[in-house]
Protein chains: 2
Amino acid sequence: MTKARKAVLEVLGTAERPLSASEISSLVSHCCDPVTIYRTLHYLEDKGLADSFVLHCTEHGTERYFTLLAPGEASYAHHHWFHCEHCHQFIDLGDCRIGTLVDAYQEELGIRVTGHTLYLTGVCPACSSLGRNGQEHDHRGHESQSE
Amino acid sequence: MTKARKAVLEVLGTAERPLSASEISSLVSHCCDPVTIYRTLHYLEDKGLADSFVLHCTEHGTERYFTLLAPGEASYAHHHWFHCEHCHQFIDLGDCRIGTLVDAYQEELGIRVTGHTLYLTGVCPACSSLGRNGQEHDHRGHESQSE
DNA sequence: AATTTTTTGCAAATCACTTGCATTTTCGAT
DNA sequence: ATCGAAAATGCAAGTGATTTGCAAAAAATT
Ligand SMILES: [Mn+2]
Ligand SMILES: [Mn+2]
Ligand SMILES: [Zn+2]
Ligand SMILES: [Zn+2]
């Protein structure tokens with residue numbers, strides 16, 4: 001296993017939230033070229049060690065986010081996430097809860113589902129209490145906690 | 001209402017599947033510049049007339065897809081879609097069925113959910129029967145039906 | 001119709017991500 | 001430990017979707 005891959009695995013394993021390639025790139029600080037991050041992430045996803053989804057957020061644009069998958073974890077045993085559109089943090093929604101819904105769709109429609117993407121967006125508790133429901137003003141204060 | 005916006009509305013209203021900006025661009029054939037399509041789609045989404053999601057498909061890359069929203073339609077009253085990774089067609093999953101799940105998350109976590117993205121991917125019935133479960137070979141034949 | 005406001009087209013810029021290719025690293029076999 | 005094949009990396013350049021600046025054209029107001 002190469003240095004770059006160890007570093008990315010380490011960073012992904014430590015993070016408790018999905019990370020984008022650029023976040024990973026800065027977290028492994030100069031360990032390797034960004035292009036290697038991309039290649040490493042492909043590698044990990046191919047190997048079934050990582051999971052990813054593409055999230056679009058008005059402020060941050062469209063980016064792919066990655067999480068580590070426990071080895072041998074079944075396809076439904078991944079997590080889904082909530083993304084706060086104010087502070088741009090993720091909140092873990094825990095293990096996937098739409099397995100039965102997916103099964104229902106498969107039976108109803110005769111489709112074979114091999115993957116799905118689900119994420120929620122809105123305002124996190126912290127932003128709600130600070131920013132009076134995150135709708136009216138722009139209260140800075142706890143924003144950009146992790147960027 | 002301008003010519004370009006009428007054209008895009010018409011195309012989106014006729015289509016029975018989500019359309020990408022580039023698909024829309026060719027469907028309105030030379031009516032306007034692609035950049036106007038993008039601006040029009042932003043406009044429609046702002047007005048609440050259109051809904052969109054970003055889908056990543058290995059073969060087609062990452063693109064944003066748009067559907068028309070019945071005017072006055074509540075936020076949960078949208079559809080979700082299945083995307084066949086063989087023929088790249090969408091299958092309508094009907095009205096959103098995760099309203100209660102989303103509510104559960106809101107209560108459990110104290111988050112305020114204002115939007116969500118859900119789509120399924122896999123192999124459609126047509127591709128399954130033709131291509132022997134869409135896993136082994138590459139049977140061409142009914143692919144590229146709508147592109 | 002004249003004026004103001006919005007929308008459009010074209011060209012150029014972004015941005016995330018990919019690819020080509022020559023140069024290392026890694027790794028299995030000696 | 002050493003050698004050579006195979007895989008991984010860096011750098012530069014290329015993609016493809018989407019955005020932005022700005023002046024011209026179209027639509028809404030008056
Ligand atoms: Mn964000
Ligand atoms: Mn596709
Ligand atoms: Zn927040
Ligand atoms: Zn299909």
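Numbers restart at 1 for each chain; the letters A, B, ... are given by sequence-line order, proteins then strands. Predicted, not measured: the structure shown is a model, and the values here were computed from it.
- As a whole-Å value, the separation of A:Arg5 CZ from D:dG10 P is 12 Å.
- The distance between atom NZ of B:Lys3 and atom C1' of D:dA25, rounded to the nearest whole Å, is 11 Å.
- Cluster membership for A:Leu19 and A:Leu41, using ILVMFWY side-chain heavy atoms within less than 4.5 angstrom, is shared.
- Mapping heavy-atom proximity under 4.0 Å, the span of DNA chain C touched by chain B runs 5' to 3' from C:dT7 to C:dC10.
- Atoms OG1 and CG, from A:Thr67 and A:Leu12 in turn, are 7.5 Å apart once rounded to the nearest 0.5 Å.
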Q: Take A:Arg17 and A:Glu23 through the salt bridge (Lys or Arg N to Asp or Glu O under 4.0 Å) test and state the conclusion after the steps.
A: CA-CA 11 Å; A:Arg17 58 192 167 100; A:Glu23 289 176 310; 3.3 Å; yes
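- Comparing B:His56 and B:Cys31 by the nucleotide of DNA chain C whose heavy atom lies nearest to each, the residue mapping closer to the 5' end is B:Cys31.
- By the side chain to side chain donor-acceptor pair (under 3.5 Å) test, A:Thr121 pairs with no residue at all, sequence neighbours left out.
- Note: B:Phe90 and B:Tyr65 meet the aromatic proximity criterion, with ring centroids under 6.0 Å apart.
- With salt bridges taken as basic N to acidic carboxylate O contacts below 4.0 Å, one links B:Arg64 and B:Glu45.
- Under a cut-off of 6.0 angstrom, the local environment of CD in A:Glu108 is crowded, with over 12 non-hydrogen atoms contributed by other residues, nucleotides or ligands.
- Counting any heavy atom pair closer than 4.0 Å across all strands shown, A:Ser22 reaches no nucleic acid atom.
- Shown for residues 32-44 of chain A: residues whose heavy atoms fall under 4.0 angstrom of DNA chain C, namely A:Val35, A:Tyr38, A:Arg39, A:His42.
- Here the two rings, on B:Phe66 and B:Phe53, have centers that are 6.0 Å apart or farther.
- A:Lys6 places its NZ atom 11 Å from the P atom of D:dT9, with the value rounded to the nearest Å.
- An angle of 40°, rounded to 10°, separates the two end axes of the helix from C:dA1-D:dT30 to C:dT30-D:dA1, each defined over five pairs.
- With sequence neighbours excluded, the residues satisfying ring-ring contact (aromatic ring centres under 6.0 Å, His included) with B:His80 are B:His78, B:His116.
- The interatomic distance linking B:Glu23 (CD) with D:dG16 (P) rounds to 16 Å, in whole Å.
- The nearest pair of heavy atoms linking B:Cys84 to B:Val123 is SG-CA, 4.0 Å.
- For residues 7-16 of chain A, the set of pairs meeting the side-chain hydrogen bond (donor to acceptor under 3.5 Å, both in side chains) definition, not counting sequence neighbours, comprises A:Glu10-A:Thr14.
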